[in-house]
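In this text, all values refer to a predicted model and were calculated from it rather than measured experimentally.
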Amino acid sequence: MSPRKEYFDEPLVKVDFLKARFPKTCPVCGAPATKVVRLKVAKTGKQYLRRSWQYVYSPYTRFRGDSKPSEMKVLPIQVCENHANPDDGTDRYQSLCLIVDGLLMAFAIFSVFLIGDRISRARPIDFWPVLLIGLFGVSLLLTSIAFRPNVIEKAVSIIGFDPGMQNVLLAFKRSDYRAQFMDENQMIAELVRWIIRSDD
């Protein structure tokens, strides 16, 4: 599909990835920052952390995929003591969700075959196969909650980056923090109201 222009209600910030400096205040609560959280961004060829992150800056530029090895870059975000460990305690919960999902998926597939067999033989459907399929659906819902963005990722969202990963587009939840960020990066940052997004 052809690229489309997308507008934003709140301006995004386009900034040089390597030179970006974050304010010494927490992006979540605005308190003075005492710790650093590293937000990792990876790129492999045409693959992005999220499909919607693929974009180009100009209507005259098209994204060209390549087969380069994966690139990993880090944004050092300064945060307060209370938000220094945004993922604390979620690792076990996420691992448990993946294990339970795998087991319930196997039972759900078996249940689908069993229900199909019952229907083909014109026999009544037992309650437990339906229950297992329902439990699998609930498990998927809980897994999506477990893997949702943490408070830092919500406060500083990466919207996209250019093909060379030199510049990154950031969306800030707090307008005052965005203003502080612009003050810290006056020479390398600019506000962006729209981008050209590629759908393929």
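- Taking both residues in full, the closest heavy atoms of V74 and F17 are given as O-CE2, 3.9 Å, listed atom of the first, atom of the second, then distance.
- In this structure a side-chain-to-backbone donor-acceptor pair under 3.5 Å is present from N150 to E153.
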Please report the C-alpha distance between D16 and V168 in whole Å, then the side-chain angles of each, then the deciding distance to 0.1 Å, and finally whether the side-chain contact (heavy atoms from CB on, under 4.5 Å) criterion is met. CA-CA 6 Å; D16 188 304; V168 63; over 6 Å; no
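- Linking ILVMFWY side-chain heavy atoms closer than 4.5 Å, directly or via other members, places F147 and V151 in two distinct hydrophobic clusters.
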Validation: residues 95-105 side-chain donor-acceptor distances under 3.5 Å, sequence neighbours left out:
from: S95; atom 1: OG; to: D91; atom 2: O; distance (Å): 3.0
from: D101; atom 1: OD1; to: S139; atom 2: OG; distance (Å): 2.1
from: D101; atom 1: OD1; to: T143; atom 2: OG1; distance (Å): 3.3
from: D101; atom 1: OD2; to: T143; atom 2: OG1; distance (Å): 2.6

Intermediate values then yes/no, side-chain contact (heavy atoms from CB on, under 4.5 Å), F8 and I159: CA-CA 11 Å; F8 296 91; I159 303 301; 4.3 Å; yes
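- The distance from the CG atom of L140 to the CZ atom of F136 is 4.0 Å, given to the nearest 0.5 Å.
- L39 CG to L170 CG: the interatomic distance, rounded to the nearest 0.5 Å, is 9.0 Å.
- More than 12 heavy atoms of other residues, nucleotides or ligands sit less than 6.0 Å from atom NZ of K154.
- With sequence neighbours left out, D176 forms a side chain to side chain donor-acceptor pair (under 3.5 Å) with R174.
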Steps toward side-chain contact (heavy atoms from CB on, under 4.5 Å) verdict (I125, I119): CA-CA 7 Å; I125 299 173; I119 292 174; 4.0 Å; yes
Identify every side-chain donor-acceptor pair in residues 20-38 under 3.5 Å, counting partners at least two apart or on other chains, and give the distances.
from: R21; atom 1: NH2; to: E184; atom 2: O; distance (Å): 2.9
from: T25; atom 1: OG1; to: Q180; atom 2: OE1; distance (Å): 2.7
from: T34; atom 1: OG1; to: E81; atom 2: N; distance (Å): 3.4

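- Residues satisfying the side chain to side chain donor-acceptor pair (under 3.5 Å) criterion with E10, sequence neighbours excluded, are R178.
- The closest side-chain heavy-atom distance from N167 to V15 is not below 4.5 Å.
- With hydrophobic clusters built from ILVMFWY side chains whose heavy atoms lie under 4.5 angstrom apart, I158 shares a cluster with V156.
- In plain terms, the two heavy atoms of V13 and M182 that are nearest each other are CG1-SD, 3.8 Å.
- Remark: F172 pairs with Y177, F181 by the ring pair (Phe, Tyr, Trp, His ring centres under 6.0 Å) rule, at least two apart or across chains.
- Here CG of L12 is found 11.0 Å from CD of E190. Values are rounded to the nearest 0.5 Å.
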For residues 110-118, run the donor-acceptor check on the side chains, cut-off 3.5 Å, and write out each pair with its distance to 0.1 Å, sequence neighbours left out.
from: S111; atom 1: OG; to: F107; atom 2: O; distance (Å): 2.8
from: D117; atom 1: OD1; to: R121; atom 2: NE; distance (Å): 3.0
from: R118; atom 1: NH2; to: D126; atom 2: OD2; distance (Å): 3.1

